Each structure stands twice: as C-alpha cells, then as structure tokens.
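This report refers to the structure that appears directly beneath it.
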Amino acid sequence: MTTLYGYYRSSAAYRVRIVLNLKDLAYDQVSVDLVAGEQRGAAHLARQPQGLVPSLETNDGVRLTQSLAICEYLDECHPTPPLLPADPVGRARVRALAQLIACEMHPLNNLRVLKYLVDELGADEGPKLAWYRHWIAEGFTALEAQFSREAGSGDFCHGDSPTLADICLVPQVFNAERFDCDLGGYPRIQHIAANCRALPAFAQAAPAAQPDAR
Ligand SMILES: N[C@@H](CCC(=O)N[C@@H](CS)C(=O)NCC(=O)O)C(=O)O
C-alpha cells in the first residue's frame, strides 16, 4: 500500500492528498506531528532529510520527497486525469502558477521560518502575523492579476478542470484563511478555490477531513 507521511494541516501534504484522490489511488496515512516536532526526529529524518513533510512511500518501496515532485511522479504513473495541459505553453503556465505558490509564497511562511522569527529574532505575535499576511498578499496579488489578465484562466487556474496549479492554490488559500488574511481583494482566487473545494477529491483532502485533525 502507498503510504503518505504527512500532517493534516501541512499544505504540502494537502497537495499530495488531492492528487492521490483525483487519481483515485488508495493510500495509508502516517501522521508526523509538526507541532510536537516529530519531523525532526530520527525516524522522519530517515524519510525526509530536511525534516519536512510530506514523504511518500510507494507500494514497491520507493521513497519520494518534495510535494511537487511527488505530484508529477503520480501524474506520470497515473496519467488520468492529467495534472498538466497537453500543450507546452499551457504546461509552462500551470507550472509557473504552481511554482509562484510552492516556491515563492509557501516557504516564507513555513512553520520553521515562523519559529525562527519568534524564537531567534524575538518577533512577537503582531510582527509574525504581519510577516505572514505580507507574503500572502504579495503572492495573491500577482496571482489575481494573472487570473484576470491571462487567456488561459477559466473556472480553474487553467481552463475548466483542476491542474497542478489548483492543487497548490487550495492549500495556500486554507493557510491564508487560517491566519485571517483578508481575501476580499482576490475574487478570481476565491472563485477558483470554491470550484475546487466543491470536488470530492479536494473536499476529502481538506485538513478537517483527515484522521489526525484536531
Ligand atoms: N518544498 C517542500 C516543502 C515542505 C514543507 O515545507 N512542509 C512543511 C509543512 S507544509 C513542514 O514540514 N514544516 C515543518 C517545519 O517547518 O518544521 C515540499 O513541497 O514538499
């Protein structure tokens, strides 16, 4: 059985759950408690040397890390439904949207970064929240402009079915809501997120639906 090592509130693990569900793949979940610091324990470091979730172990014993690499691996092994468009320009656009979220936004607001701000640099709750909301606003403003201006946009990030970009967007919207970010200025993002969340694959991957949810 394929095993996902993740955490209910991890947005990178949330991406992989969405893909496993879209592809209708059965999987077990092992919870790595990020609040308790289990990601830095020896057992998890053996799976993911950075001390991050997710990690995926396939039923033939292959261990994979990095959520986007895992999502593309699953897409290559199980091509239906596809996570990337058929044309190279479309694929580049979807990857650019996914990378804007996964490479530019998400790492700045990760747990270890917030902990460093608080524990090592002495930031209080106010500056920590300002940091968090600043990087959400930077990223979402750019995304909203792309969704408003670019021809590829539809009811989903690209066209009218979910792609790798939506798989990154929905967990990032969850994060933003969790930290009470004002999303009023991003109607296209909200429209796309609502369309995604209406699909069972996304709903069943939501943090609140996970066995380790608190
Ligand atoms: N680029 C990595 C990011 C993984 C990542 O940042 N995971 C977070 C949870 S969403 C984590 O494990 N954080 C633990 C920590 O910061 O200590 C991926 O996409 O897999």
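By convention here, the first residue in the shown sequence is residue 1. In listed order, ligands and their atoms are each counted from 1. Source: prediction; values computed, not measured.
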Report the nearest protein non-hydrogen atom to [atom]: residue, atom name, distance rounded to 0.1 Å.
atom: atom 11 (C) of ligand 1; value: Leu52 CD2, 3.6 Å
atom: atom 13 (N) of ligand 1; value: Asn110 OD1, 3.2 Å
atom: atom 10 (S) of ligand 1; value: Ser10 OG, 3.2 Å
atom: atom 20 (O) of ligand 1; value: Ser67 N, 2.8 Å
atom: atom 16 (O) of ligand 1; value: Arg112 N, 2.8 Å
atom: atom 1 (N) of ligand 1; value: Gln66 OE1, 2.7 Å
atom: atom 3 (C) of ligand 1; value: His106 CE1, 4.0 Å

List the atom pairs, donor and acceptor, that lie under 3.5 Å between side-chain atoms in residues 191-208 and the rest of the protein, sequence neighbours left out.
from, atom 1, to, atom 2, distance (Å)
His191, NE2, Asp155, OD1, 2.9
His191, NE2, Asn195, ND2, 3.3
Asn195, ND2, Asp155, O, 2.8
Asn195, ND2, His191, O, 3.3
Arg197, NH1, Glu177, OE2, 3.2
Arg197, NH2, Glu177, OE1, 3.0

Proximity of [X] to ligand 1 by residue part, where a heavy atom lies under 4.0 Å:
X: Gln50; value: neither
X: Leu111; value: both
X: Lys115; value: neither

Is any side-chain N of the basic residue among Glu150 and Arg188 closer than 4.0 Å to the acidic one's carboxylate O?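 Salt bridge absent between Glu150 and Arg188.
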Does a side-chain N-to-carboxylate-O contact under 4.0 Å join Lys23 and Asp75?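 Looking at Asp75 together with Lys23, the answer is yes, because their closest N to O distance falls below 4.0 Å.
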Shortest non-hydrogen contact between Pro81 and Leu22, atoms and distance: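 That would be CD-O, 3.3 Å.
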May I ask you to check whether [X] has an N/O atom sitting below 3.5 Å from an N/O atom of ligand 1?
X: Gln39; result: yes
X: Val53; result: yes
X: Ser11; result: no

Gln39 and Gln48: side chain donor to acceptor below 3.5 Å: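 There is no such pair (donor and acceptor under 3.5 Å, judged by atom type) between the side chains of Gln39 and Gln48.
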Just by distance, with hydrogens left out, do Ser153 and Arg93 show a side-chain donor and acceptor under 3.5 Å apart?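 A donor-acceptor contact under 3.5 Å links the two side chains.
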Under 4.0 Å, counting heavy atoms only: does Arg15 come that close to any atom of ligand 1?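 True for this residue.
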I'd like to know whether ligand 1 has Ala102 as a neighbour, heavy-atom separation below 4.0 Å.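 Not so, Ala102 does not reach ligand 1.
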Is the Phe140 ring parallel, tilted or perpendicular to the Tyr186 ring (thresholds 30°, 60°)?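 Ring orientation, 0 to 90° scale: perpendicular.
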Any residue meeting salt bridge (charged side-chain N to carboxylate O under 4.0 Å, His left out) with Arg63, in chain and number order, not counting sequence neighbours: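 With sequence neighbours excluded, Arg63 shows a salt bridge (charged side-chain N to carboxylate O under 4.0 Å, His left out) to Glu57, given in chain and number order.
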Which atoms of ligand 1 sit under 4.0 Å from any heavy atom of Pro54?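 Near Pro54, meaning under 4.0 Å from one of its heavy atoms, ligand 1 has 20 (O).
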Asn110 side chain reached by Tyr116 side chain, heavy atoms, under 4.5 Å: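 No, too far: nothing below the 4.5 Å cut-off.
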Just by modelled atom types, is the Gly184 backbone N or O under 3.5 Å from a matching donor or acceptor in the Asp182 side chain?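 Judged by distance alone, yes, a pair lies under 3.5 Å.
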